[in-house]
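Single-structure report; data block below.
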Amino acid sequence: MGCWIAGRSEGRREISIIPSRHSRVSGNPGRNKPEERLDSRLRGNDIAGFRDDKPATIRCCSSTVLYYRGPFEQPKSIPREEQMADEKALTARAEDFSAWYNEVVVGAELADHSPVRGCMVIRPYGYRMWELVRDELDRKFRETGHQNAYFPLFIPQSFLSREADHIEGFAKEMAIVTHTRLKATGQAGAAALAPDPESRLDEPLIVRPTSETIIYAMFAKWVQSYRDLPLLINQWANVVRWEMRTRLFLRTTEFLWQEGHTAHATSDEAEQEARQMLDVYRSFMEQWMAMAVVTGRKSPSETFPGADHTYSCEAMMQDNRALQAGTSHHLGQNFSRQFDLKFAAESGEEEYAWNTSWGASTRLIGGLVMTHGDDRGLVLPPQLAPIQVVIVPIARKEEERAAVMEKVQQIVRALDGIRTHVDDRDNLTPGAKYYEWESKGVPFRIEVGPKDIAKGQLVLAKRVLAEGEERKRFLPEEEVLSTLPALLNEYQDWLLEQARERRERNSHRGVRDYDHLQEVIEGEGGFIYTGWCGSAACEARVKDDTKATIRVIPDPEFASEVRPSTCVVCGEASAEEVVWARAY
RNA sequence: CGGGACGUGGCGCAGUCCGGUAGCGCACCUGAAUGGGGUUCAGGGGGUCGCCGGUUCAAAUCCGGCCGUCCCGACCA
């Protein structure tokens, strides 16, 4: 048996070899692109086209390694640049948005898949983003009079059965604790331990999918009179929903969030609270995340189980699908009746309190990625960027190093108040660092080398360029340092502008007939504004036919100037204008 | 939970059809030269081939079971 020789494809996608009768060729396609996969099937001893001494060509990707024996021409290696570009490039958004998303999230080291099914590990860079989200939301919650508290992870099963709609909405996706001990079984491997039957709990505990039940049970203990109201509580916590299909940040079995829970003396007050918190979410998403949202009320079928009504911020992702990014519920008296949350009103009458709850989760991080990311990777708005400016020192020779690093330290000091990072690793070339920090979404980069020091200048590079902008600008050091705060702000605003323009570009108003609705959803997608008679049947039909759902009944600010007069499905009189979209 | 694909060094994958010394690229480590957009050369380390069992002189490869991942459905923030 002859030895196998590994060769690289010549040129980018083809290799020519002169095979013999005994040639055997197999491919190692670097990526699972369909056409390459096809070619990788060319193997075995009797490949078509590999006959005698006729030269033959195999198409393959640049990273394909061919194994063959027999006479052949030594292939030239591929130009390094092309090979790198091909191997390291992300899947383009236009090609496969889901694959792109996964590659960005994992590649930028935001999160990773864990050994636990459906659960993710949030890595330091991604967790820092969450901390920045959390810090600002927390500040806003305090500003609006809320206090943080912490309630248990476990909820007695009986609590959940008290609010019928609520439990029905969550019953299919819960983690249930039934035992308190493990016992050795004597078997091998995974079966070595099993729950000890003697430790079975009388009443199972549910790992919270959300905390309404336990929180309102506690509120009932704490509230006696109207003087105890309003009670305004928030908690930062993890929750578990046993999802069938998960995706990093967007839908995982366990996720982090905050859940606000409040009790009020009147329905109006609760309504105001629910609206206020929706506004908090909205302004946060716009001002900090630079995401464009549409706010509004949910249709009954999309309303939170146990709520009277639900408000939502719906953001549009770059694949034109909607992401529910924050919700706020007016719970009416549904929970207070179940948990006996009563208070003595001013009149002396005993009344049930009115509740709200509202939440936003680590899903926001996923929304951020899908809103701003591009084919180079992550794009972060400065407000949520763990690193706002990365500084890459360039020192060719050892003797230049001290001067460059000294200058870098000066820069860092001058940029006090901006989150900077100095990438002084000496095992990478500057170019490699540029690619890495761009893929991680860092808004600005400063390059400093001996030439710059000599000229009193710095090189400033921006992550995303507006029309006609140059990637690198060579500016006086003074100017860079003094204008960076303003540049960061401009960039933040510009990202929001871009997001808004994209939302408008992909919003379709005045859609009247059903065919048109279907056509848009099946085609480019986006937010589609139509009339709706209010019937669940019409809503369900659209979902069955197109997978699109009513995202919101838009708030006046987003409603169309001309209100639709008929239901897009049945043609009867329209009760509401609604926004349809396929959603995450 | 149904339909499909797939599990081989950290990552991406050949090898499996037809059983016979476990490979390639990237990454990593060491040394030297490099360094302004993914450096180069030389050397080196790392894998119970998802798990359990069966067939066989011999299993990544064949057979059975299980587990897991991804895609498509049903469900959802």
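Comparing B:G36, B:G37, B:G38 by their nearest atom to the side chain of A:R396 picks out B:G36.
Rounded to whole Å, the separation between the P atoms of B:C62 and B:C17 comes to 5 Å. Nucleotides B:A59 and B:G50 are separated by 16 Å at their C1' atoms, to the nearest Å. Spacing of C1' atoms, B:A14 relative to B:C24, comes out at 7 Å, to the nearest Å. Atom name C1', nucleotides B:U55 and B:G19: the rounded distance is 11 Å, in whole Å. One C1' atom belongs to B:G64, the other to B:G20, and the distance between them is 24 Å to the nearest Å. Taking the P atoms as reference points, B:C66 lies 16 Å from B:G4, given to the whole Å. On the P atoms, B:U39 is 38 Å away from B:U21, given to the nearest whole Å. The gap from the C1' atom of B:A58 to that of B:U69 amounts to 32 Å, rounded to the nearest Å.
One donor-acceptor pair, N or O on each side, does fall under 3.5 Å between the base of B:G37 and the side chain of A:K472. The base of B:G35 has none of its N or O atoms less than 3.5 Å from a complementary donor or acceptor on the side chain of A:D426. If you check distances only, the side chain of A:R401 never reaches the base of B:G35 with a donor-acceptor pair under 3.5 Å. At a cut-off of 3.5 angstrom, counting only N and O atoms as typed in the model, there is no donor on one side facing an acceptor on the other between the side-chain of A:E438 and the base of B:G38.
Under the Watson-Crick or G-U wobble criterion, with both distances below 3.5 Å, B:A60 is left unpaired in every strand shown. Nucleotide B:C26 forms a Watson-Crick or G-U wobble pair with B:G10, both donor-acceptor distances falling under 3.5 Å. Under the Watson-Crick or G-U wobble criterion, with both distances below 3.5 Å, B:G19 is left unpaired in every strand shown. Taking a pair to require two hydrogen-bonding distances under 3.5 Å in either a Watson-Crick or a G-U wobble arrangement, B:U48 remains unpaired. Applying the Watson-Crick and G-U wobble criteria (two distances, each under 3.5 Å), B:G36 pairs with nothing in any strand. Pair assignment for B:U69: B:A5, on the basis of Watson-Crick or G-U wobble contacts that are both within less than 3.5 Å. Here B:G31 sits opposite B:C41 as a Watson-Crick or G-U wobble pair (both hydrogen-bonding atom distances under 3.5 Å).
One can place CG of A:N427 at 17 Å from P of B:C41, the figure rounded to the nearest angstrom. Note: CG (A:L475) to C1' (B:G36) measures 16 Å, nearest angstrom. Atoms CD (A:E436) and P (B:C26) sit 18 Å apart, rounded to a whole Å. The nearest whole Å value for the distance from the CD atom in A:Q457 to the P atom in B:G36 is 16 Å. Look at CG on A:D424: it is 19 Å from P on B:G35, rounded to the nearest Å. As rounded to whole Å, 15 Å separates atom P of B:U69 from atom CE of A:M120. In this structure, OH of A:Y434 is placed 6 Å from P of B:G37, rounded to the nearest angstrom. Rounded to an integer number of Å, the gap from CZ of A:R425 to C1' of B:G38 is 12 Å.
Partners of A:E254 according to the salt bridge (Lys or Arg N to Asp or Glu O under 4.0 Å) rule, which considers only residues two or more places apart in sequence or in another chain, do not exist here. Residues meeting the side chain to side chain contact (heavy atoms under 4.5 Å, CB included) test with A:S361, sequence neighbours left out: A:F255, A:W257, A:R363.
Contact check on A:K543 versus A:E539 returns no salt bridge, with no Lys/Arg side-chain nitrogen under 4.0 Å from an Asp/Glu carboxylate oxygen. A salt bridge does not link A:D423 to A:R445: none of the charged nitrogens lies less than 4.0 Å from a carboxylate oxygen. A salt bridge does not link A:R582 to A:D319: none of the charged nitrogens lies less than 4.0 Å from a carboxylate oxygen. The residues A:E103 and A:R93 are annotated as not salt-bridged, no charged nitrogen and carboxylate oxygen being separated by less than 4.0 angstrom.
In summary, the side chains of A:R551 and A:T549 do present a donor paired with an acceptor at a separation below 3.5 Å, with no hydrogens or angles considered. If you check the side chains of A:H329 and A:T310, you find a donor sitting under 3.5 Å from an acceptor.
A:T252 comes within contact range of at least one nucleobase, with a heavy-atom separation under 4.0 Å. Residue A:L428 is in base contact, counting any heavy-atom pair closer than 4.0 Å across all strands shown. A:V392 comes within contact range of no nucleotide atom at all, as no heavy-atom separation falls under 4.0 Å. If you check every strand for non-hydrogen atoms under 4.0 Å, A:K397 touches nothing. Across all strands, A:K433 comes closer than 4.0 Å to no nucleic acid atom at all (heavy-atom distances). When heavy atoms are screened at a 4.0 angstrom cut-off, A:F255 is found touching base atoms of the nucleic acid.
Looking at every heavy atom in both residues, A:H330 comes nearest to A:A274 through N-CB, 4.3 Å.
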Listed pairs, N/O of protein and of nucleotides 71-75 of chain B, under 3.5 Å:
from  : atom 1 : to     : atom 2 : distance (Å)
B:C72 : OP2    : A:R245 : NH2    : 2.5
B:G73 : OP1    : A:K547 : NZ     : 2.7

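Residues A:A432 and A:A583 each lie close to RNA chain B; by heavy-atom proximity, the contact nearer the 5' end of the strand is made by A:A432.
Stacking is found between A:Y435 and the pyrimidine-like six-membered ring of the B:G38 base under the 5.5 Å centre-distance and 30° plane-angle cut-offs.
Taking the centre of each ring, A:F151 and A:H261 stay at or above the 6.0 Å mark.
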